[in-house]
Chemist: 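Provided herewith is a single structure, encoded as structure tokens, for subsequent inquiry.
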Protein chains: 2
Amino acid sequence: MDKHLKQASEKPRQTRRSLPMALLRARESVMKNFRPMLEKHNVTEQQWRVIRVVAEAGALDATEVASRASILAPSLTRIIKTLEQRKLIKRQNDSKDGRRVVLALAPAGEVLLHKAVPESLAAHKGLEEKIGGDKLMLLLDLLDEVALRAGN
Amino acid sequence: MDKHLKQASEKPRQTRRSLPMALLRARESVMKNFRPMLEKHNVTEQQWRVIRVVAEAGALDATEVASRASILAPSLTRIIKTLEQRKLIKRQNDSKDGRRVVLALAPAGEVLLHKAVPESLAAHKGLEEKIGGDKLMLLLDLLDEVALRAGN
DNA sequence: ACCATTCAATTAACATGTTAATTAAATCTG
DNA sequence: CAGATTTAATTAACATGTTAATTGAATGGT
């Protein structure tokens with residue numbers, strides 16, 4: 001029985017033309033450009049996202065942080081715990097709603113932010129040069145559209 | 001001096017226009033289309049990738065599987081362990097190289113594959129309809145290019 | 001053949017992804 | 001107002017991501 005013929009006729013879709021795999025590989029390559037900066041400041045990718053989202057908003061409840069940083073609630077709970085222990089963020093209680101946890105940057109978090117942001121921007125600039133500004137823009141638009149349409 | 005430009009250079013980049021975040025969100029949305037099928041067959045996303053890669057090749061050593069499925073070696077070691085316990089794959093020893101582990105589908109793995117592949121293809125077809133065939137193709141090309149150029 | 005080096009796989013340790021279950025506070029409804 | 005329902009956050013349990021260290025098997029040079 002010829003395995004090659006069988007493969008050609010009823011083989012599963014090639015993994016290379018699979019959208020999930022393509023997204024995964026692209027993200028993997030892209031993140032290589034940010035890892036040195038993250039490691040230098042001793043934060044994980046997800047911790048950095050939380051810090052940035054909180055910084056952008058000034059103060060934000062956990063649910064909104066999770067949504068904007070694309071992190072699930074259980075993960076965020078653990079991330080908050082470690083970031084609070086490291087005094088990078090602080091948690092407050094919402095006066096209106098006793099269930100909510102409101103997050104804001106702590107002083108050490110502000111310091112880290114100001115040190116790391118330029119390096120993050122530089123990494124993104126580097127990507128823009130490698131990929132090309134127009135292609136990058138096009139890709140961002142396509143990704144947003146896919147996120148909307150595929151998200152059901 | 002334009003205050004918008006000045007502000008833009010000193011504030012963190014908006015998370016919405018960040019390529020890593022865009023890739024993450026897009027992937028998240030895309031995966032929603034596959035999760036029901038994965039859950040139905042009781043495999044994780046990564047287990048499914050391993051099964052498909054092994055099936056595509058017939059038999060493959062672990063390093064190649066890791067590379068093609070975009071899974072790191074330590075993760076693959078654990079995945080192999082569980083897939084072997086569930087008798088979905090089998091491991092053989094490379095006669096030439098005593099270090100290598102060669103993987104192939106076990107009978108139960110073949111059964112699972114043939115049941116799940118049509119559903120996986122259907123999910124991908126559904127995506128193609130939601131996004132549009134040309135855009136999907138364009139996106140796949142862009143992602144491949146980014147994976148190449150950004151990857152160092 | 002010997003030793004150092006390289007390489008494949010595994011293990012270890014910690015962080016996150018993912019779904020289900022739980023707890024406490026808010027809200028709805030009769 | 002009381003009871004049922006919803007909601008935000010947490011906890012639990014298991015799987016994977018990630019880096020460093022380890023083990024055993026090839027390889028290279030001498």
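The figures here come from the full heavy-atom set of this structure, side chains too, leaving out hydrogens, waters and symmetry mates. Here is how names work: the chains are called A, B, and so on, in the same order as the sequence lines, proteins then strands, and each is numbered from 1. For clarity, every value in this text was computed on a predicted model and none was experimentally measured.
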Chemist: Once each nucleotide of nucleotides 1-10 of chain C is scored for protein heavy atoms under 4.0 Å, what B/S/- sequence comes out, 5' to 3'?
Modeler: ------BSSB

Chemist: Go through DNA chain D in 5' to 3' direction and return only the first and the last nucleotide with some atom under 4.0 Å of chain A's heavy atoms.
Modeler: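 Nucleotide range with atoms under 4.0 Å of chain A: dT7(D) to dT19(D).
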
Chemist: Tell me, please, which residues at least two apart from Lys135(B) pass side chain to side chain donor-acceptor pair (under 3.5 Å).
Modeler: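 In terms of side chain to side chain donor-acceptor pair (under 3.5 Å), with neighbours along the sequence ignored, Lys135(B) is linked to Glu145(A).
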
Chemist: What residues form a side chain to side chain donor-acceptor pair (under 3.5 Å) with Glu119(B), not counting sequence neighbours?
Modeler: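 Per chain and number, Glu119(B) pairs via side chain to side chain donor-acceptor pair (under 3.5 Å) with Lys40(B), His41(B).
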
Chemist: Of all residues at least two apart in sequence or in a different chain, which pass the side chain to side chain donor-acceptor pair (under 3.5 Å) check with Arg78(B)?
Modeler: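 For Arg78(B), the residues satisfying side chain to side chain donor-acceptor pair (under 3.5 Å) (neighbours in sequence not counted) are Ser75(B).
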
Chemist: Less than 3.5 Å apart, which donor and acceptor atoms pair up between the side chains of residues 58-67 of chain A and the rest of the protein, not counting sequence neighbours?
Modeler:
| from | atom 1 | to | atom 2 | distance (Å) |
| --- | --- | --- | --- | --- |
| Asp61(A) | OD2 | Thr63(A) | N | 3.4 |
| Asp61(A) | OD2 | Glu64(A) | N | 3.4 |
| Asp61(A) | OD2 | Arg100(A) | NH1 | 3.1 |
| Glu64(A) | OE1 | Arg68(A) | NE | 2.7 |
| Glu64(A) | OE1 | Arg68(A) | NH2 | 3.2 |

Chemist: Can you list the residues that meet the salt bridge (Lys or Arg N to Asp or Glu O under 4.0 Å) rule with Arg99(B), with sequence neighbours excluded?
Modeler: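 With sequence neighbours excluded, Arg99(B) shows a salt bridge (Lys or Arg N to Asp or Glu O under 4.0 Å) to Asp97(B), given in chain and number order.
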
Chemist: Does Lys81(A) or Arg35(A) map to a spot on DNA chain D nearer the 5' end, using the closest nucleotide for each?
Modeler: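 Nearest-nucleotide comparison on DNA chain D picks Lys81(A).
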
Chemist: Taking only residues two or more places apart in sequence or in another chain, which ones pass side chain to side chain donor-acceptor pair (under 3.5 Å) with Arg91(B)?
Modeler: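 Partners of Arg91(B) by the side chain to side chain donor-acceptor pair (under 3.5 Å) criterion come out as none, since no residue qualifies.
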
Chemist: Taking only residues two or more places apart in sequence, or in another chain, which ones meet Gln92(A) in a side-chain contact (heavy atoms from CB on, under 4.5 Å)?
Modeler: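 side-chain contact (heavy atoms from CB on, under 4.5 Å) check on Gln92(A) returns Lys90(A), Val102(A), Ala104(A).
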
Chemist: Using heavy atoms to find the nearest nucleotide of DNA chain C for Gly98(A) and Ser75(A) separately, return the residue whose nucleotide is more 5′.
Modeler: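 Looking at DNA chain C, the more 5' nearest nucleotide goes with Ser75(A).
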
Chemist: Could you tell me whether Thr44(B) contacts a base, only the sugar-phosphate backbone, or nothing, with contacts defined as non-hydrogen atoms closer than 4.0 Å?
Modeler: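 The residue Thr44(B) makes sugar-phosphate contact but no base contact.
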
Chemist: For Gln47(A) and Thr82(A), run side chain to side chain contact (heavy atoms under 4.5 Å, CB included): C-alpha distance rounded to whole Å, both residues' side-chain angles, the deciding distance at 0.1 Å, then the answer.
Modeler: CA-CA 9 Å; Gln47(A) 291 168 351; Thr82(A) 73; 3.5 Å; yes

